[in-house]
Number of protein chains: 2
Amino acid sequence: MVAMQTHYLKIGQLAARAGISVESLRYYESEGLISANCRSENGYRLYSDESIQKLGFILHAKKIGFSLKEIKRLLGLRLNRDQHTCEEVKDYTGAKIREIEQKIADLVKMKSALVSLHEACCGGNETADNCSILQTLEAPFTFEKIESGDS
Amino acid sequence: MVAMQTHYLKIGQLAARAGISVESLRYYESEGLISANCRSENGYRLYSDESIQKLGFILHAKKIGFSLKEIKRLLGLRLNRDQHTCEEVKDYTGAKIREIEQKIADLVKMKSALVSLHEACCGGNETADNCSILQTLEAPFTFEKIESGDS
DNA sequence: ATAAACCCTGAAGCTTACTATAGGGTCAAG
DNA sequence: CTTGACCCTATAGTAAGCTTCAGGGTTTAT
Ligand SMILES: [Zn+2]
Ligand SMILES: [Zn+2]
Ligand SMILES: [Zn+2]
Ligand SMILES: [Zn+2]
């Protein structure tokens with residue numbers, strides 16, 4: 001009924017086509033993300049179009065920031081679409097978006113602190129004896145803990 | 001000549017003051033970042049003001065995104081200020097800034113891809129059979145490698 | 001027939017920054 | 001005199017996502 005499988009790919013071919021390593025593919029398999037549809041007589045993994053599509057899904061999701069663990073869950077949703085709701089799926093992307101926003105916010109904070117430091121330094125050929133970068137880093141650090149309690 | 005050391009801190013005291021764990025401190029030592037000025041008779045690490053300041057430098061640098069390895073290099077610059085130039089130090093922060101900018105750019109790209117996905121989904125109570133998120137992830141992935149060369 | 005280029009498994013190693021565990025010494029209070 | 005809170009060393013484990021290695025089969029070209 002379904003279009004017949006024209007031909008299978010061996011692991012090296014699939015890896016080359018996907019631009020990842022053979023070892024990564026085997027690793028994904030070991031993590032339960034994707035396995036070959038069948039094996040050849042000599043035990044070689046053989047991948048069908050279905051597997052290729054699944055790998056596409058995985059790499060797609062990876063590209064937008066999902067971890068392999070999360071992708072495994074996504075693959076579960078994908079496989080049993082009828083047992084899950086759009087809401088569930090959307091919640092998943094929503095959570096990920098917030099996570100990424102948090103990471104961005106942290107990095108932006110770091111960057112601005114770094115830029116202040118950077119811009120204060122003359123960057124000249126003189127020795128760093130009075131370098132403002134080193135001085136600022138050295139300045140009393142506000143240990144964010146209680147200051148009291150000397151014995 | 002120099003102001004005398006009023007008293008030393010034991011590792012637990014320094015850790016509490018800095019808001020990090022004793023184990024982290026010992027780890028930093030094992031990585032060659034900071035070591036106690038001396039040891040008490042029973043082998044306890046004793047930290048002077050100098051060490052406290054150095055730890056401040058470390059935590060400061062950590063906060064703005066330097067790795068321990070990089071901090072080790074920074075400590076080297078700090079220690080031998082007279083053998084290095086402002087330029088060198090400034091190059092270091094410059095490189096770090098570019099690194100962070102790259103990370104931010106990557107995350108922003110991820111986020112916008114995710115947001116497109118997210119916004120296209122209705123998020124309703126129906127089953128995910130036609131969920132646009134899953135469909136888009138499943139769509140033919142452009143493997144960024146040569147497409148030719150069929151046997 | 002033999003070397004190159006594939007494929008297999010299972011286990012170990014890498015990176016970063018710690019945390020935990022095992023086994024044991026030290027010190028002050030009750 | 002023992003309990004608890006410290007301190008010590010050395011080693012192993014954690015997370016994530018691979019990579020490398022050891023040891024061994026298969027296929028294809030020369
Ligand atoms: Zn300068
Ligand atoms: Zn400077
Ligand atoms: Zn929907
Ligand atoms: Zn949906």
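In the text below, chain A, chain B and the rest are named by the order of the sequence lines, each starting its count at 1. These numbers come from the heavy atoms of this one structure, side chains and all, not from hydrogens, waters or symmetry mates.
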Shortest non-hydrogen separation from K63(B) to M110(A) and the atoms involved: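 Heavy atoms of K63(B) and M110(A) come nearest at O-CG, 3.6 Å.
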E99(B) versus E70(B), closest heavy-atom pair with distance: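 Heavy-atom minimum between the residues: OE1-OE2, 3.9 Å.
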From [atom1] of [X] over to [atom2] of [N], roughly how many Å is that when rounded to an integer?
X	N	atom1	atom2	answer
L59(B)	dC18(C)	CG	C1'	14 Å
E23(B)	dC7(D)	CD	C1'	11 Å
E31(A)	dT19(D)	CD	C1'	14 Å
I58(B)	dC18(C)	CD1	C1'	15 Å
E29(A)	dT19(D)	CD	C1'	17 Å
Y28(B)	dA17(C)	OH	P	8 Å
K69(A)	dT14(D)	NZ	C1'	11 Å
Q13(B)	dC27(C)	CD	C1'	13 Å

With a 4.0 Å cutoff (strictly under), does any side-chain N or O of [X] reach OP1 or OP2 of [N]?
X	N	result
N42(A)	dC8(C)	no
K62(A)	dC18(D)	yes
Y44(A)	dT27(D)	no
S21(A)	dC18(D)	no
S40(A)	dC7(C)	no
Y27(A)	dA16(D)	no
R26(A)	dC8(C)	yes
S24(A)	dG17(D)	no
R45(A)	dC6(C)	no

Test log, rule side chain to side chain donor-acceptor pair (under 3.5 Å), inputs D106(B) and Q102(B): CA-CA 6 Å; D106(B) 290 347; Q102(B) 184 58 58; 3.0 Å; yes
Short side-chain donor-acceptor distance under 3.5 Å, S51(A) and N37(A):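 The criterion, which ignores hydrogens and geometry beyond distance, is satisfied for S51(A) and N37(A).
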Side-chain heavy-atom pair Y44(A), I11(A) within 4.5 angstrom cut-off: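 Counting from C-beta outward, Y44(A) and I11(A) never come under 4.5 Å.
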Closest to side chain of R39(B), choosing from dT9(D), dC18(D), dA17(C):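 Closest of the options to the side chain of R39(B): dT9(D).
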